[in-house]
Chemist: 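One structure coming up, written as C-alpha coordinates, with questions to follow.
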Amino acid sequence: MAGNFTRGIILEQRKEPALRRKLRTFLNSNYAGMLFESDLPYDGAALSGEQIIEIARLARIVDERDGLFLHEKLTKAHQMKVKVAVGDAIDDEPYVSSQLNPLLFLEKEAGEGLRLAAKAVGNPKIYFAIYKNLSDVDLKIKIPKNIDGVEIRRIHGRYPAEFRTMDDFDSDGPAVLIGICSLIHLYRAVYEHRIQSTCFVTVAGTCVANPTNLEVSIGMTPTQLFERCGLAEEPGYVVIGGSMTGEVCEDPDSYPIGTMSRAVLALRDEEKKRRYQCIGCGRCAEVCPENLTPFYINRYIELGKYEALAFYDIHRCIGCGTCSYICPSKIDIAENIKLAKMEIKRRRHVKEDD
(Lines give C-alpha, C1' and ligand atoms only; values in the text may rest on other atoms or scores of the structure.)
Protein backbone atom coordinates (compact mmCIF):
# COMPACT_ATOMS: atom_id res chain seq x y z
CA MET A 1 0.00 0.00 0.00
CA ALA A 2 1.09 3.57 -0.60
CA GLY A 3 0.85 4.37 3.09
CA ASN A 4 3.58 1.83 3.84
CA PHE A 5 5.86 3.09 1.09
CA THR A 6 9.41 3.51 2.41
CA ARG A 7 11.53 4.37 -0.63
CA GLY A 8 11.87 7.92 -1.86
CA ILE A 9 12.65 11.00 0.20
CA ILE A 10 10.94 13.51 2.48
CA LEU A 11 11.37 16.98 1.03
CA GLU A 12 11.03 20.38 2.64
CA GLN A 13 8.10 21.78 0.68
CA ARG A 14 8.88 25.54 0.68
CA LYS A 15 5.43 26.32 -0.72
CA GLU A 16 4.82 29.42 1.36
CA PRO A 17 4.09 32.23 0.84
CA ALA A 18 3.01 31.42 -2.75
CA LEU A 19 0.42 28.85 -1.67
CA ARG A 20 -1.58 31.13 0.64
CA ARG A 21 -1.53 34.11 -1.70
CA LYS A 22 -4.54 34.60 -3.93
CA LEU A 23 -4.17 33.34 -7.48
CA ARG A 24 -3.38 36.22 -9.80
CA THR A 25 -3.85 36.57 -13.56
CA PHE A 26 -1.34 37.85 -16.10
CA LEU A 27 -2.93 37.60 -19.55
CA ASN A 28 -2.42 38.85 -23.07
CA SER A 29 -4.93 41.36 -24.41
CA ASN A 30 -6.55 38.82 -26.77
CA TYR A 31 -7.71 36.48 -23.96
CA ALA A 32 -11.34 37.67 -24.15
CA GLY A 33 -11.65 36.56 -27.75
CA MET A 34 -10.40 32.98 -27.34
CA LEU A 35 -13.76 31.23 -27.82
CA PHE A 36 -14.88 28.32 -29.98
CA GLU A 37 -18.11 28.11 -31.97
CA SER A 38 -20.61 25.39 -31.07
CA ASP A 39 -24.34 24.83 -30.97
CA LEU A 40 -24.03 22.89 -27.71
CA PRO A 41 -25.72 24.50 -24.66
CA TYR A 42 -23.75 26.44 -22.07
CA ASP A 43 -25.07 24.11 -19.37
CA GLY A 44 -23.33 21.02 -17.98
CA ALA A 45 -26.61 19.50 -16.77
CA ALA A 46 -28.01 19.58 -20.31
CA LEU A 47 -24.97 17.90 -21.86
CA SER A 48 -24.38 14.19 -22.41
CA GLY A 49 -21.03 12.57 -21.63
CA GLU A 50 -20.18 12.46 -25.33
CA GLN A 51 -20.95 16.16 -25.70
CA ILE A 52 -18.68 17.04 -22.76
CA ILE A 53 -15.84 15.13 -24.42
CA GLU A 54 -16.55 16.96 -27.68
CA ILE A 55 -16.35 20.31 -25.87
CA ALA A 56 -13.01 19.30 -24.35
CA ARG A 57 -11.81 18.56 -27.89
CA LEU A 58 -13.05 21.89 -29.27
CA ALA A 59 -11.42 23.74 -26.39
CA ARG A 60 -8.10 21.94 -27.03
CA ILE A 61 -7.62 21.27 -23.32
CA VAL A 62 -4.33 19.64 -22.31
CA ASP A 63 -3.87 17.88 -18.96
CA GLU A 64 -0.94 19.55 -17.23
CA ARG A 65 0.13 16.41 -15.38
CA ASP A 66 0.92 14.27 -18.44
CA GLY A 67 0.50 16.46 -21.54
CA LEU A 68 -2.37 14.39 -22.95
CA PHE A 69 -5.38 15.96 -24.60
CA LEU A 70 -8.23 15.84 -22.10
CA HIS A 71 -10.78 14.55 -24.61
CA GLU A 72 -8.52 11.57 -25.41
CA LYS A 73 -8.03 10.80 -21.73
CA LEU A 74 -11.77 10.97 -21.02
CA THR A 75 -12.57 8.77 -24.01
CA LYS A 76 -10.11 6.12 -22.87
CA ALA A 77 -11.39 6.28 -19.28
CA HIS A 78 -14.95 5.79 -20.54
CA GLN A 79 -13.88 2.75 -22.55
CA MET A 80 -12.09 1.32 -19.48
CA LYS A 81 -15.23 1.81 -17.36
CA VAL A 82 -13.28 3.48 -14.56
CA LYS A 83 -14.80 3.43 -11.08
CA VAL A 84 -13.02 6.54 -9.75
CA ALA A 85 -12.20 9.98 -11.18
CA VAL A 86 -9.53 11.86 -9.23
CA GLY A 87 -8.67 15.55 -9.47
CA ASP A 88 -4.89 15.62 -9.02
CA ALA A 89 -3.59 18.49 -6.87
CA ILE A 90 -0.70 16.60 -5.29
CA ASP A 91 2.14 19.07 -5.98
CA ASP A 92 4.76 17.04 -4.06
CA GLU A 93 7.83 18.94 -5.33
CA PRO A 94 9.34 21.86 -3.34
CA TYR A 95 8.05 25.36 -4.20
CA VAL A 96 5.37 24.09 -6.61
CA SER A 97 1.70 24.71 -5.71
CA SER A 98 0.24 25.47 -9.15
CA GLN A 99 -2.42 22.75 -8.81
CA LEU A 100 -3.24 23.04 -5.11
CA ASN A 101 -3.50 26.85 -5.14
CA PRO A 102 -6.07 26.95 -8.00
CA LEU A 103 -8.01 24.18 -6.26
CA LEU A 104 -8.26 26.28 -3.09
CA PHE A 105 -9.05 29.59 -4.79
CA LEU A 106 -11.18 28.36 -7.71
CA GLU A 107 -13.26 25.84 -5.79
CA LYS A 108 -16.41 26.02 -7.90
CA GLU A 109 -14.58 25.69 -11.21
CA ALA A 110 -12.52 22.74 -9.95
CA GLY A 111 -15.45 20.95 -8.33
CA GLU A 112 -17.83 21.36 -11.26
CA GLY A 113 -15.03 20.51 -13.69
CA LEU A 114 -14.47 17.21 -11.89
CA ARG A 115 -18.20 16.44 -11.95
CA LEU A 116 -18.28 17.17 -15.69
CA ALA A 117 -15.32 14.87 -16.28
CA ALA A 118 -16.98 12.16 -14.17
CA LYS A 119 -20.17 12.49 -16.20
CA ALA A 120 -18.16 12.10 -19.39
CA VAL A 121 -16.64 8.78 -18.24
CA GLY A 122 -19.77 7.21 -16.73
CA ASN A 123 -20.35 8.90 -13.35
CA PRO A 124 -17.80 7.10 -11.14
CA LYS A 125 -16.88 8.15 -7.58
CA ILE A 126 -14.98 11.43 -7.43
CA TYR A 127 -12.19 12.69 -5.17
CA PHE A 128 -9.56 15.39 -5.01
CA ALA A 129 -6.04 14.22 -4.13
CA ILE A 130 -3.40 16.27 -2.31
CA TYR A 131 -0.06 15.38 -0.71
CA LYS A 132 -0.34 14.30 2.93
CA ASN A 133 3.13 15.58 3.87
CA LEU A 134 1.90 19.16 3.59
CA SER A 135 1.69 19.85 7.31
CA ASP A 136 -1.06 22.33 8.19
CA VAL A 137 1.16 23.45 11.08
CA ASP A 138 3.77 24.71 8.62
CA LEU A 139 1.34 26.11 6.08
CA LYS A 140 -0.42 29.44 6.53
CA ILE A 141 -3.56 28.25 4.77
CA LYS A 142 -6.12 25.72 5.96
CA ILE A 143 -6.53 22.56 3.89
CA PRO A 144 -10.20 21.50 4.20
CA LYS A 145 -11.57 17.94 4.24
CA ASN A 146 -13.70 18.59 1.17
CA ILE A 147 -13.94 21.22 -1.54
CA ASP A 148 -17.19 22.11 -3.31
CA GLY A 149 -18.70 18.96 -1.84
CA VAL A 150 -15.92 16.67 -3.09
CA GLU A 151 -13.95 14.63 -0.54
CA ILE A 152 -10.21 15.20 -0.37
CA ARG A 153 -7.88 12.20 -0.16
CA ARG A 154 -4.39 12.82 1.22
CA ILE A 155 -1.75 10.77 -0.58
CA HIS A 156 0.73 9.13 1.79
CA GLY A 157 4.38 8.29 1.36
CA ARG A 158 7.61 9.96 0.46
CA TYR A 159 8.38 11.82 -2.73
CA PRO A 160 7.58 10.95 -5.52
CA ALA A 161 4.03 10.48 -4.23
CA GLU A 162 2.29 11.51 -7.47
CA PHE A 163 3.61 8.43 -9.27
CA ARG A 164 1.95 6.19 -6.66
CA THR A 165 -1.44 7.90 -6.47
CA MET A 166 -3.25 4.95 -8.05
CA ASP A 167 -2.25 2.77 -5.07
CA ASP A 168 -4.50 4.81 -2.80
CA PHE A 169 -7.53 4.02 -4.95
CA ASP A 170 -6.91 0.31 -5.59
CA SER A 171 -9.79 -0.74 -3.35
CA ASP A 172 -12.22 1.46 -5.30
CA GLY A 173 -11.41 -0.01 -8.69
CA PRO A 174 -9.80 1.40 -11.88
CA ALA A 175 -9.18 5.14 -11.61
CA VAL A 176 -8.39 8.04 -13.91
CA LEU A 177 -6.22 10.93 -12.67
CA ILE A 178 -6.94 14.36 -14.14
CA GLY A 179 -5.00 17.53 -13.43
CA ILE A 180 -6.87 20.21 -11.50
CA CYS A 181 -5.98 22.90 -14.02
CA SER A 182 -7.45 20.94 -16.93
CA LEU A 183 -10.66 20.50 -14.90
CA ILE A 184 -10.87 24.27 -14.44
CA HIS A 185 -10.42 24.70 -18.20
CA LEU A 186 -13.15 22.10 -18.78
CA TYR A 187 -15.55 24.12 -16.62
CA ARG A 188 -14.79 27.25 -18.65
CA ALA A 189 -15.13 25.38 -21.93
CA VAL A 190 -18.60 24.11 -20.99
CA TYR A 191 -20.00 27.31 -19.45
CA GLU A 192 -18.13 29.92 -21.53
CA HIS A 193 -17.09 27.98 -24.68
CA ARG A 194 -13.55 29.17 -23.97
CA ILE A 195 -10.50 27.66 -25.68
CA GLN A 196 -7.59 26.89 -23.37
CA SER A 197 -5.16 29.72 -23.90
CA THR A 198 -3.75 29.95 -20.36
CA CYS A 199 -1.90 27.79 -17.87
CA PHE A 200 -1.18 27.91 -14.15
CA VAL A 201 2.38 28.31 -12.84
CA THR A 202 4.12 28.91 -9.53
CA VAL A 203 6.71 31.68 -9.73
CA ALA A 204 9.02 31.16 -6.76
CA GLY A 205 12.57 30.41 -5.64
CA THR A 206 15.25 31.98 -3.50
CA CYS A 207 15.61 34.98 -5.83
CA VAL A 208 11.91 35.84 -6.29
CA ALA A 209 10.71 38.85 -4.30
CA ASN A 210 6.98 37.97 -4.28
CA PRO A 211 6.43 34.23 -4.79
CA THR A 212 2.98 33.80 -6.33
CA ASN A 213 0.79 31.46 -8.34
CA LEU A 214 -0.21 32.99 -11.65
CA GLU A 215 -2.62 32.14 -14.42
CA VAL A 216 -0.71 33.28 -17.49
CA SER A 217 -1.19 33.29 -21.25
CA ILE A 218 0.51 30.34 -22.93
CA GLY A 219 3.69 31.49 -24.65
CA MET A 220 4.78 34.08 -22.10
CA THR A 221 8.42 33.93 -21.03
CA PRO A 222 10.05 33.49 -17.60
CA THR A 223 11.42 37.03 -17.87
CA GLN A 224 7.89 38.41 -18.19
CA LEU A 225 6.77 36.45 -15.12
CA PHE A 226 9.74 37.67 -13.10
CA GLU A 227 8.85 41.24 -14.05
CA ARG A 228 5.38 40.57 -12.64
CA CYS A 229 6.59 39.03 -9.36
CA GLY A 230 9.90 40.84 -8.99
CA LEU A 231 13.43 39.54 -8.42
CA ALA A 232 15.19 40.23 -5.14
CA GLU A 233 18.52 39.40 -6.78
CA GLU A 234 19.88 38.07 -10.05
CA PRO A 235 19.32 34.30 -10.16
CA GLY A 236 22.16 31.86 -10.59
CA TYR A 237 19.89 29.73 -12.77
CA VAL A 238 16.25 29.41 -13.76
CA VAL A 239 14.33 26.13 -13.66
CA ILE A 240 11.17 25.44 -15.68
CA GLY A 241 9.03 22.84 -13.94
CA GLY A 242 9.58 21.35 -10.50
CA SER A 243 12.81 21.71 -8.56
CA MET A 244 13.21 17.92 -8.81
CA THR A 245 12.08 17.19 -12.36
CA GLY A 246 12.38 20.55 -14.10
CA GLU A 247 14.97 21.69 -16.62
CA VAL A 248 17.44 24.54 -16.40
CA CYS A 249 16.39 27.34 -18.74
CA GLU A 250 19.35 28.89 -20.53
CA ASP A 251 17.35 31.70 -22.16
CA PRO A 252 14.58 33.08 -19.90
CA ASP A 253 13.93 35.88 -22.42
CA SER A 254 12.60 33.56 -25.11
CA TYR A 255 11.55 30.24 -23.49
CA PRO A 256 7.76 29.86 -23.97
CA ILE A 257 5.71 28.85 -20.92
CA GLY A 258 3.35 25.99 -21.75
CA THR A 259 0.62 23.83 -20.28
CA MET A 260 3.08 21.48 -18.54
CA SER A 261 5.49 24.12 -17.18
CA ARG A 262 3.80 24.19 -13.73
CA ALA A 263 6.56 26.34 -12.16
CA VAL A 264 9.21 28.92 -12.96
CA LEU A 265 11.91 28.96 -10.28
CA ALA A 266 14.70 31.53 -9.90
CA LEU A 267 17.43 30.11 -7.66
CA ARG A 268 20.68 31.47 -6.34
CA ASP A 269 22.33 28.17 -5.40
CA GLU A 270 25.07 27.28 -7.90
CA GLU A 271 25.62 23.76 -6.53
CA LYS A 272 23.44 22.27 -9.26
CA LYS A 273 26.11 23.17 -11.82
CA ARG A 274 28.98 21.54 -9.91
CA ARG A 275 30.04 18.00 -10.69
CA TYR A 276 32.26 15.55 -8.80
CA GLN A 277 33.13 11.88 -9.19
CA CYS A 278 30.76 9.17 -7.95
CA ILE A 279 31.99 7.84 -4.59
CA GLY A 280 29.89 4.67 -4.77
CA CYS A 281 27.89 5.38 -1.60
CA GLY A 282 24.74 3.74 -2.97
CA ARG A 283 22.35 6.37 -1.60
CA CYS A 284 20.70 6.73 -5.00
CA ALA A 285 19.79 3.03 -4.94
CA GLU A 286 18.44 3.29 -1.39
CA VAL A 287 15.90 5.97 -2.31
CA CYS A 288 14.97 4.98 -5.88
CA PRO A 289 11.19 4.32 -5.86
CA GLU A 290 11.59 1.81 -8.71
CA ASN A 291 14.32 -0.23 -6.94
CA LEU A 292 16.87 0.58 -9.63
CA THR A 293 20.64 0.96 -9.17
CA PRO A 294 21.23 4.44 -10.59
CA PHE A 295 24.97 4.50 -9.84
CA TYR A 296 25.54 1.43 -12.06
CA ILE A 297 23.29 2.87 -14.77
CA ASN A 298 25.14 6.18 -14.66
CA ARG A 299 28.50 4.42 -14.83
CA TYR A 300 27.58 2.56 -18.02
CA ILE A 301 26.20 5.78 -19.49
CA GLU A 302 29.52 7.52 -18.82
CA LEU A 303 31.33 4.62 -20.52
CA GLY A 304 28.97 4.83 -23.48
CA LYS A 305 27.89 1.18 -23.07
CA TYR A 306 24.23 1.73 -23.89
CA GLU A 307 23.70 -1.92 -24.83
CA ALA A 308 24.21 -2.90 -21.16
CA LEU A 309 21.55 -0.55 -19.82
CA ALA A 310 18.65 -2.88 -20.61
CA PHE A 311 20.04 -5.31 -18.00
CA TYR A 312 19.64 -2.58 -15.37
CA ASP A 313 16.03 -1.82 -16.43
CA ILE A 314 16.70 1.76 -17.46
CA HIS A 315 13.27 1.82 -19.13
CA ARG A 316 11.63 1.68 -15.68
CA CYS A 317 13.10 5.05 -14.61
CA ILE A 318 10.23 7.48 -13.95
CA GLY A 319 12.43 10.59 -13.97
CA CYS A 320 11.54 11.69 -10.43
CA GLY A 321 15.04 13.08 -9.73
CA THR A 322 15.51 11.50 -6.27
CA CYS A 323 18.89 10.06 -7.31
CA SER A 324 20.20 13.49 -8.33
CA TYR A 325 18.80 15.09 -5.17
CA ILE A 326 20.41 12.61 -2.77
CA CYS A 327 23.77 12.33 -4.58
CA PRO A 328 26.54 13.81 -2.35
CA SER A 329 28.69 14.32 -5.45
CA LYS A 330 25.96 16.46 -7.05
CA ILE A 331 25.89 14.28 -10.18
CA ASP A 332 22.71 14.88 -12.17
CA ILE A 333 22.03 11.17 -12.62
CA ALA A 334 18.39 11.73 -13.57
CA GLU A 335 19.34 14.02 -16.45
CA ASN A 336 21.98 11.55 -17.64
CA ILE A 337 19.41 8.74 -17.64
CA LYS A 338 16.90 10.90 -19.49
CA LEU A 339 19.44 11.67 -22.23
CA ALA A 340 20.51 8.02 -22.39
CA LYS A 341 16.92 6.88 -22.91
CA MET A 342 16.59 9.37 -25.76
CA GLU A 343 19.83 8.05 -27.31
CA ILE A 344 18.65 4.44 -26.99
CA LYS A 345 15.39 5.37 -28.70
CA ARG A 346 17.30 7.16 -31.48
CA ARG A 347 19.57 4.16 -32.09
CA ARG A 348 16.56 1.84 -32.19
CA HIS A 349 14.92 3.98 -34.86
CA VAL A 350 18.13 4.10 -36.90
CA LYS A 351 18.41 0.32 -36.71
CA GLU A 352 14.78 -0.11 -37.80
CA ASP A 353 15.31 2.23 -40.75
CA ASP A 354 18.33 0.20 -41.86
Chemist: Could D172 and R153 be called an ion pair, given the rule that one side-chain N must be under 4.0 Å from one carboxylate O?
Modeler: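 Salt bridge flag = yes for R153 with D172.
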Chemist: Are V96 and L104 joined in one hydrophobic group, where the rule is that I, L, V, M, F, W and Y side chains link up if heavy atoms are under 4.5 Å apart?
Modeler: no
Chemist: Under 4.0 Å between a Lys/Arg side-chain N and an Asp/Glu carboxylate O for R115 and D148?
Modeler: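 Yes, charged N to carboxylate O under 4.0 Å.
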Chemist: Please answer: with hydrophobic residues joined when any side-chain heavy atoms are less than 4.5 Å apart, are I326 and M244 in the same cluster?
Modeler: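 The answer is yes; both residues are in one hydrophobic cluster.
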Chemist: Could you see if L19 belongs to whatever hydrophobic cluster contains V208? Use Ile, Leu, Val, Met, Phe, Trp, Tyr and a side-chain cutoff under 4.5 Å.
Modeler: no
Chemist: Just checking, any donor-acceptor pair under 3.5 angstrom between side chains of N213 and S98?
Modeler: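 Their side chains do not contain a donor-acceptor pair, so the 3.5 Å distance test is not met.
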Chemist: Between E335 and S324, does any side-chain donor sit less than 3.5 Å from a side-chain acceptor?
Modeler: no
Chemist: Output every pair passing salt bridge (Lys or Arg N to Asp or Glu O under 4.0 Å) with a member in residues 173-193, not counting sequence neighbours, ordered by first then second residue.
Modeler: R188-E215, E192-R194
Chemist: Enumerate the residue pairs fulfilling salt bridge (Lys or Arg N to Asp or Glu O under 4.0 Å) with a member in residues 44-57, sequence neighbours excluded, ordered by first and then second residue.
Modeler: E54-R57
Chemist: At what distance, to the nearest 0.5 angstrom, does CG of L116 lie from CD1 of I178?
Modeler: 10.5 Å
Chemist: So does G319 get a backbone contact from the side chain of K338, meaning a donor-acceptor N/O pair under 3.5 Å?
Modeler: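 Looks like no, no N/O pair under 3.5 Å.
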Chemist: Under 4.5 Å between side-chain heavy atoms, counting indirect links through other Ile/Leu/Val/Met/Phe/Trp/Tyr residues: same cluster for I90 and V176 or not?
Modeler: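 Linked within one cluster.
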Chemist: With side chain to side chain contact (heavy atoms under 4.5 Å, CB included) as the test, pick out the partner of D313 among L292, T293, I297.
Modeler: L292
Chemist: Okay, side chain of K73, backbone of V62: is any donor-acceptor separation there less than 3.5 Å?
Modeler: no
Chemist: Please check this pair: side chain of Q196 against backbone of T198, looking for a donor-acceptor N/O pair closer than 3.5 Å.
Modeler: yes
Chemist: Using the ring pair (Phe, Tyr, Trp, His ring centres under 6.0 Å) rule, collect all pairs that involve residues 98-132, keeping only residues at least two apart or in two chains.
Modeler: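 Applying ring pair (Phe, Tyr, Trp, His ring centres under 6.0 Å) to every pair that reaches into residues 98-132, excluding sequence neighbours, yields Y127-F169.
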Chemist: Enumerate the residue pairs fulfilling salt bridge (Lys or Arg N to Asp or Glu O under 4.0 Å) with a member in residues 23-34, sequence neighbours excluded, ordered by first and then second residue.
Modeler: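 Counting only pairs at least two positions apart or across chains, no salt bridge (Lys or Arg N to Asp or Glu O under 4.0 Å) contact touches residues 23-34.
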Chemist: Quick one: pull up NZ in K132 and CG in D168 and give me the separation to the nearest 0.5 Å.
Modeler: 10.5 Å
Chemist: Please find the pair of heavy atoms, one from C323 and one from A334, that lie closest to each other, and give the distance.
Modeler: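 Shortest heavy-atom separation between C323 and A334 comes out as SG-N, 3.7 Å.
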Chemist: So which atom in L68 and which in D66 form the shortest heavy-atom distance, rounded to 0.1 Å?
Modeler: N-OD1, 3.1 Å
Chemist: Mind listing the closest non-hydrogen atom pair of C207 and P235 along with its distance?
Modeler: SG-CA, 3.6 Å
Chemist: Do you know the tightest heavy-atom contact between T202 and S97?
Modeler: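 Closest pair (atom of T202, atom of S97, distance): OG1-N, 3.0 Å.
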Chemist: Answer yes or no: is there an ion pair linking E343 with R347, defined by an N-O contact shorter than 4.0 Å?
Modeler: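 Here E343 pairs with R347 in a salt bridge, since their nearest N and O are under 4.0 Å apart.
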Chemist: To check you understand the geometry: which heavy-atom pair defines the closest contact between C249 and I240, and what is its length?
Modeler: CB-CG1, 3.7 Å
Chemist: Between T245 and E93, does the side chain to side chain donor-acceptor pair (under 3.5 Å) criterion hold? Intermediate values first, please.
Modeler: CA-CA 8 Å; T245 59; E93 295 190 58; 2.8 Å; yes
Chemist: Distance alone, cut at 3.5 Å: any donor-acceptor contact between the side chains of E250 and Y255?
Modeler: no
Chemist: Kindly indicate, with the supporting measurements, whether the criterion side-chain contact (heavy atoms from CB on, under 4.5 Å) is fulfilled by N298 and C278.
Modeler: CA-CA 9 Å; N298 190 67; C278 173; 5.5 Å; no
Chemist: Hey, is E233 close enough to R268 for a salt bridge, meaning N to O under 4.0 Å?
Modeler: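 Yes, this pair counts.
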Chemist: Aromatic rings H185 and F200: how do their planes relate, parallel, tilted or perpendicular, breaks at 30° and 60°?
Modeler: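 H185 vs F200 ring planes: tilted.
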Chemist: Output all residues satisfying ring pair (Phe, Tyr, Trp, His ring centres under 6.0 Å) with Y296, sequence neighbours left out; order by chain, then residue number.
Modeler: Y312
Chemist: To the nearest 0.5 Å, tell me how far D92 CG sits from F163 CZ.
Modeler: 8.0 Å
Chemist: Please name all residues satisfying ring pair (Phe, Tyr, Trp, His ring centres under 6.0 Å) with Y306, sequence neighbours left out, ordered by chain then number.
Modeler: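 By the ring pair (Phe, Tyr, Trp, His ring centres under 6.0 Å) rule, Y306 matches no residue at all.
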Chemist: For a side-chain contact (heavy atoms from CB on, under 4.5 Å) check, start with the C-alpha distance between I218 and I257, then their side-chain angles and the critical distance, and finish with the verdict.
Modeler: CA-CA 6 Å; I218 293 171; I257 300 301; over 6 Å; no
Chemist: Locate the shortest heavy-atom distance separating P328 from I279; write the atom from each residue and the value.
Modeler: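 Smallest heavy-atom distance, with atoms named: CG-CD1, 3.9 Å.
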Chemist: Any chance you could measure I180, atom CD1, to R65, atom CZ, to the nearest 0.5 Å?
Modeler: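 That separation rounds to 11.0 Å.
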Chemist: When you measure from the side chain of K341 to the backbone of C317, do you find a donor-acceptor pair of N or O atoms at a distance under 3.5 Å?
Modeler: yes
Chemist: Are the charged groups of D167 and R164 less than 4.0 angstrom apart, N to O?
Modeler: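 Answer for the salt bridge query: no.
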Chemist: In this structure, which one of H78, E72, Q79 forms a side chain to side chain contact (heavy atoms under 4.5 Å, CB included) with T75?
Modeler: Q79
Chemist: Going by an N to O cut-off under 4.0 Å, is there a salt bridge joining R262 and D91?
Modeler: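 Looking at D91 together with R262, the answer is yes, because their closest N to O distance falls below 4.0 Å.
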Chemist: Mark yes or no for whether K119, through its side chain, and I52, through its backbone, hold a donor-acceptor pair below 3.5 Å.
Modeler: no
Chemist: Mind checking the CG-CZ spacing from L58 to R60? Nearest 0.5 Å is all I need.
Modeler: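 Going from the CG atom of L58 to the CZ atom of R60 covers 9.0 Å.
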Chemist: Enter the distance from I344:CD1 to L309:CG here, rounded to the nearest 0.5 Å.
Modeler: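 The CG atom of L309 is 4.5 Å from CD1 of I344, to the nearest 0.5 Å.
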